[in-house]
Amino acid sequence: MHSYKGKAISWELVNGVIELALHREPCNEMGTLFLSELERFTAALPSLEESAHALIIHSVLACGFSAGGDLRELYEGIRTTEEKAALAGIRDFHQRIHRAMNVLDATTLTTIASVHGIVFGGGFELALTCDLIVADKTARFCFPELRLGIIPGFGGIPRLKRDLGNAVVRDLLLTGRSFNVTKAQQVGLVSQVVAEGAALKAARGTASQLAKFDRSTAAAAKKFIKPIPYQELQQEIEIVCDLYARPKVQQALRKFVESTGAQPYLP
Amino acid sequence: MRSQQQTTDEILDLAAVQFKVPRESLTPDDDFFQKLGIDSLQALSLLTRLEQHFNVELPDYELQGVSDFRTLAERIQTRL
């Protein structure tokens with residue numbers, strides 16, 4: 001399937017570049033709809049790879065790349081389902097999204113996240129599956145999970161540890177603060193910073209350069225330089241699922257979801 | 001070194017431009033969420049602008065509970 005238009009994501013293959021667009025209002029929250037469409041994409045990827053050399057993931061929404069996991073949907077599942085079944089559902093969701101993220105991480109294509117604005121939580125984790133991150137000046141990166149008593153659950157910690165120095169990983173995770181794009185580039189997270197609104201154009205320019213390279217060589221180089229930390233990714237799922245079973249976490253989620261002020265509950 | 005007043009004025013100038021409100025309608029004690037009609041995610045875009053303009057890093061937790069321009073200016077001033 002060379003193109004697809006879904007409710008949360010769409011993709012199109014043009015001149016050897018797959019462009020995967022995120023477009024679920026309000027800010028590309030990642031819930032079951034997003035996941036089922038992402039799985040559709042990862043299922044189609046092997047056939048797309050035959051005609052492509054690069055994949056660009058970007059958002060068409062003004063708010064940014066993605067605000068991350070759909071905490072409202074998650075909390076609603078906990079609230080309305082018997083606890084054991086709810087926790088089983090959370091585990092299943094995390095295992096599925098890990099499988100999808102691992103496919104993106106391992107694809108032989110060269111992958112580029114083109115980001116702007118909010119790049120938080122699961123959105124940040126999606127960007128971390130990519131080989132390169134091209135960001136405009138509005139981009140802001142954050143793992144706010146610890147503020148709610150959880151940790152990033154879509155592969156964020158193992159991929160951050162793979163890509164960045166541990167001190168930076170600790171700063172992001174343990175403080176829950178956000179990095180602007182200048183800081184993100186200083187620590188090696190972002191490969192190119194461009195003017196506001198210019199990230200996708202820059203990502204396309206990079207992708208067109210990659211078309212000149214031998215595909216099998218690029219794929220071999222990628223396999224050599226980008227190991228996938230499967231064991232730690234599995235450990236992450238176990239830790240996250242244990243945390244969601246804690247009443248304190250469920251209370252924090254409730255406070256966050258039920259916040260009505262301009263500033264949601266985030267201690 | 002900027003004075004606190006200068007910092008506050010520059011914040012008001014930037015906020016007016018970014019959120020397209022008349023500069024003269026903004027005062028230091030305004031609640032910027034209400035006055036600009038923004039949510040917490042939009043406030044982060046203002047924070048990004050301010051960090052770039054003043055060349056500072058302002059951790060999110062320093063802005064916990066801050067909703068007026070004057071206090072925002074005080075927090076920035078400590079990092080100039």
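Residue numbering restarts at 1 for every chain, and letters A, B, ... go by the order of the sequence lines. FYI, side chains are in, hydrogens and waters are out, and symmetry mates aren't considered; it's all heavy atoms of this structure.
For the pair Lys137(A) and Thr48(B), the minimum side-chain heavy-atom distance is 4.5 Å or more.
Summarising the local packing, CG of Asp29(B) is surrounded by more than 12 heavy atoms from other residues, nucleotides or ligands at distances under 6.0 Å. For Arg246(A), the CZ atom is loosely surrounded, since the number of other residues' heavy atoms within 6.0 Å does not exceed 12.
For the pair Ile118(A) and Leu41(B), the tightest heavy-atom approach, listed with the atom from each and the gap, is CD1-CD2, 3.8 Å.
Contact of Gln52(B) with chain A is made through the side chain alone, with heavy-atom distances under 4.5 Å. Using a 4.5 Å cut-off between heavy atoms, Leu58(B) contacts chain A through its backbone alone, with no side-chain atom that close. Looking at Phe179(A), neither its backbone nor its side chain comes within 4.5 Å of chain B, counting heavy atoms on both sides.
In this structure, a donor-acceptor pair under 3.5 Å is present between the side chains of Ser178(A) and Asp60(B).
The CZ atom of Arg49(B) sits 8.0 Å away from atom OG1 of Thr138(A), with the distance rounded to the nearest 0.5 Å. Taking SG from Cys63(A) and CG from Leu44(B), the interatomic distance works out to 11.5 Å, rounded to the nearest 0.5 Å.
A salt bridge links Glu57(B) and Arg177(A); the closest N-O separation between the charged side-chain nitrogens and carboxylate oxygens is under 4.0 Å.
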